[in-house]
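Some notes on the structure that comes next.
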Amino acid sequence: MLPRLLLLICAPLCEAIELLLIASPSRPTEGSPVTLTCKMHSLQTLNAQFQFCFFRDSRALGQGWSSSPKLEITAMWKEDSGSYWCQAQAMPSKVLRSPISQINVQRIPVADVSLETQPPGGQVMEGDRLVLICSVAMGTGNITFLWYKGATGLNLQTKTQRSLTAEYEIPTVRESDAEQYYCVAENGYDPSPSGLVSITVRIPVSRPILTLRAPRAEAVVGDVLELHCEAQRGSPPILYWFYHEDVTFGSSSAPSGGGVSFNLSLTAEHSGNYSCEAKNGLGAQRSEAVTLDFIVPTGDRSNHITSRVIEGLLGTLGPVTVALLFCYGLKRKIGRRSARDPLRSLPSPVPQEFTCLNSNSPTPGQLQPVYENANAVRGDEVYSLVYYNQQSAAETPGAHREDKVSIDIYARPRKASITDVDYEDAV
């Protein structure tokens with residue numbers, strides 16, 4: 001009777017208790033959360049209070065012992081794969097342990113690798129900052145990013161991080177950084193490369209140099225002068241402008257960079273200072289001025305002077321010509337009167353100046369020359385008009401006589417005040 005009573009009392013305490021570890025999900029992927037549950041199976045419910053602890057590869061997880069039979073892991077990674085179990089304890093002398101459960105975390109390979117630039121478009125000014133951003137659309141775990149330059153694949157940098165993007169920075173871009181770039185990403189599977197991205201470094205033009213090239217050591221009028229303007233640095237296309245005394249007279253473009261030339265046929269007006277300007281949309285630079293001196297031939301110079309003298313004389317002789325025409329008309333009137341009445345003496349005003357080139361008395365039948373001076377004054381010069389009125393005697397009585405008039409004009413310095421018109425008859 002007594003043994004039976006003892007069996008009924010000890011049965012609940014002596015009953016076997018089964019402890020199991022359950023992972024949800026059982027095959028997690030990297031980055032996903034996992035819940036571990038320590039579950040007890042027995043023939044009847046026990047009222048004892050248990051403490052629970054979870055382990056991975058002999059290492060306690062979380063905060064150690066806890067009254068909760070569950071453990072929440074926010075993210076599982078590939079390196080979290082391993083052997084897991086749990087323990088339960090109701091009293092110090094009694095500890096229950098679950099069987100080991102193997103948990104393997106699944107890794108997702110990287111896919112859709114791309115390379116982007118900042119600033120976008122792949123164009124950057126020399127001296128600015130350039131960032132190459134390598135990204136993957138899929139992939140878990142630690143991803144290794146590698147950046148390469150050029151077709152030969154020069155490795156620039158390698159980064160390993162638990163992220164879908166990584167950056168490589170060039171703080172100060174130089175002209176040599178203009179090249180093709182690509183990146184590669186991998187997380188334990190086959191590496192996945194991105195496409196090629198071309199980087200263009202935009203360079204403002206440097207100060208151009210203007211060179212004047214002539215066919216001989218000393219250029220002369222008529223030579224073809226070549227003006228060559230070139231900026232040593234600058235991204236194409238480059239537009240050049242040519243200036244003479246700061247006035248533009250021509251332009252030319254260099255689509256592939258380098259310099260340009262402009263040909264100029266020299267005239268007397270082309271001497272002076274020349275310069276050129278280069279611009280490519282990133283700024284403009286002006287060259288230093290170059291002075292051009294060349295030889296003007298004597299003939300051209302004398303023709304130039306002669307034309308100016310003629311212009312001056314035309315302006316000066318305008319009013320003088322009017323006075324001379326008046327004197328000439330007066331003389332012809334006097335000559336016609338003398339021819340009609342040969343015995344009548346001609347009026348002779350008091351002359352200011354008298355010139356007689358023939359003082360001998362003419363004989364009958366000889367020519368009868370008449371000399372007169374008509375003077376006009378302008379400024380410091382005196383213009384003299386000398387008439388030669390030659391009367392021919394008739395060989396026979398009643399024959400008609402002919403008058404011949406010729407005119408000479410002389411200019412001489414003015415020495416004293418004279419009248420506007422002087423004339424004198426001499427027989």
TODO: State, yes or no, whether a side-chain contact exists between Met76 and Ile103 at a heavy-atom distance under 4.5 Å.
DONE: yes
Open item on the list: Using only atom types and a distance under 3.5 Å, with no angle test, would you say the side chain of Asn142 pairs donor to acceptor with the backbone of Thr160?
Closed with: no
- [ ] Kindly compute the distance separating OG (Ser198) from CD (Gln123), expressed to the nearest 0.5 Å.
- [x] 10.5 Å
Open item on the list: Show the nearest heavy-atom pair for residues Phe242 and Leu227, with the distance to one decimal.
Closed with: CE2-O, 3.7 Å
Task: Any donor-acceptor N/O pair, Arg286 side chain to Arg207 backbone, under 3.5 Å - done: no
- [ ] Please report the closest heavy-atom contact between Leu266 and Val221, naming both atoms and the distance.
- [x] O-CG1, 3.7 Å
Open item on the list: Strictly below 4.0 Å, N to O, side chains only: are Glu30 and Lys78 in salt-bridge contact?
Closed with: no
Task: Trp241 CH2: over 12 foreign heavy atoms closer than 6.0 Å - done: no
Open item on the list: With rounding to the nearest 0.5 angstrom, report the OG1 to CD distance, Thr152 to Glu179.
Closed with: 7.5 Å
TODO: For His228 and Glu230, test the side chains for any donor-to-acceptor distance below 3.5 angstrom and give the result as yes or no.
DONE: yes
Task: Over all atoms of both residues, closest heavy-atom pair of Val197 and Leu115 - done: CG2-O, 3.5 Å
Open item on the list: Please check if the number of heavy atoms outside Arg174 that lie under 6.0 Å from its CZ is greater than 12.
Closed with: no
Open item on the list: Just verifying a value: how many Å separate Leu132 CG and Leu130 CG, rounded to the nearest 0.5 Å?
Closed with: 5.0 Å
- [ ] Can you establish whether the number of heavy atoms outside Glu288 located under 6.0 Å from its atom CD is more than 12?
- [x] no
TODO: Side-chain contact test, heavy atoms from C-beta onward, threshold under 4.5 Å: evaluate it for Leu156 versus Tyr181 and give yes or no.
DONE: yes
Task: Distance (rounded to the nearest 0.5 Å) between Ser135 OG and Glu116 CD - done: 5.5 Å
TODO: For Leu36 and Ala23, work out which heavy atoms get closest and say how close.
DONE: CD2-CB, 3.7 Å
Task: Heavy-atom check, side chain of Pro99 versus side chain of Leu20, under 4.5 Å - done: yes
Open item on the list: Could you tell me if the side chain of Leu19 sits less than 4.5 Å from the side chain of Cys38, heavy atoms only?
Closed with: yes
TODO: For the pair Glu72 and Lys70, find out whether any cationic side-chain nitrogen is under 4.0 Å from an anionic carboxylate oxygen.
DONE: no
Open item on the list: Run the side chain to side chain contact (heavy atoms under 4.5 Å, CB included) test on Leu225 and His270 for me, step by step, so that the C-alpha distance in whole Å, both residues' side-chain angles and the decisive distance to 0.1 Å come before the verdict.
Closed with: CA-CA 10 Å; Leu225 180 70; His270 284 151; over 6 Å; no
TODO: For Asp223 and Ser265, indicate whether the former's side chain and the latter's backbone hold a donor-acceptor pair under 3.5 Å.
DONE: no
Task: Thiol sulfurs of Cys86 and Cys53 closer than 2.5 Å - done: no
Open item on the list: Could you check whether any side-chain heavy atom of Gln118 comes within less than 4.5 Å of a side-chain heavy atom of Glu167, counting everything from C-beta outward?
Closed with: no
Task: Test of ring centre spacing under 6.0 Å for Tyr168 and Phe145 - done: no
Task: Any side-chain donor near an acceptor of the partner, Ser206 and Gln232, under 3.5 Å - done: no
TODO: Please work out which of the three classes, parallel, tilted or perpendicular, describes the rings of Phe249 and His244, given edges at 30° and 60°.
DONE: perpendicular
- [ ] Check whether any side-chain heavy atom of Ile73 sits under 4.5 Å from a side-chain heavy atom of Thr35, and report yes or no.
- [x] no
Open item on the list: On a heavy-atom basis, which atom in Asp57 and which in Trp85 lie closest, and how many Å separate them?
Closed with: N-CZ3, 4.1 Å
TODO: Start with the C-alpha gap between Leu21 and Phe54, add the side-chain angles, then the distance that decides, and say whether side chain to side chain contact (heavy atoms under 4.5 Å, CB included) holds.
DONE: CA-CA 9 Å; Leu21 177 67; Phe54 297 86; 3.7 Å; yes
Task: Minimum heavy-atom distance Glu245-Ser271, with the two atoms named - done: OE2-O, 4.5 Å
- [ ] Flag the pair Asp177 / Ile199 as yes when at least one side-chain heavy-atom distance between them is below 4.5 Å, and no otherwise.
- [x] no
- [ ] State whether the number of non-hydrogen atoms from other residues, nucleotides or ligands found under 6.0 Å of Gln102 atom CD is greater than 12.
- [x] yes
TODO: Evaluate the side chain to side chain contact (heavy atoms under 4.5 Å, CB included) criterion for residues Thr29 and Thr140: first the C-alpha distance (whole Å), next the side-chain angles of each, then the deciding distance (0.1 Å), finally the verdict.
DONE: CA-CA 8 Å; Thr29 58; Thr140 59; 5.8 Å; no
Open item on the list: Exactly one of Ile108, Asp112, Val113 should register a side-chain contact (heavy atoms from CB on, under 4.5 Å) with Val136. Which one does?
Closed with: Val113
TODO: Could you tell me whether Arg56 and Asp80 have a side-chain N and a carboxylate O separated by less than 4.0 Å?
DONE: yes
- [ ] Flag yes if more than 12 heavy atoms outside Asp190 fall under 6.0 Å of its CG atom; otherwise flag no.
- [x] no
Task: Sub-4.5 Å side-chain heavy-atom contact between Arg107 and Tyr189 - done: yes
- [ ] Find the distance between CG (Leu146) and OH (Tyr182) and round it off to the nearest 0.5 Å.
- [x] 9.5 Å
Open item on the list: Name the residue from Ser275, Ser287, Cys276 that meets the side-chain contact (heavy atoms from CB on, under 4.5 Å) definition with Tyr243.
Closed with: Ser275
Open item on the list: How long is the straight-line distance from OG of Ser32 back to CZ of Arg27, given to the nearest 0.5 Å?
Closed with: 12.0 Å
Open item on the list: Run Val173 and Glu126 through side chain to side chain contact (heavy atoms under 4.5 Å, CB included) and show every step you take.
Closed with: CA-CA 5 Å; Val173 174; Glu126 185 181 37; 5.7 Å; no
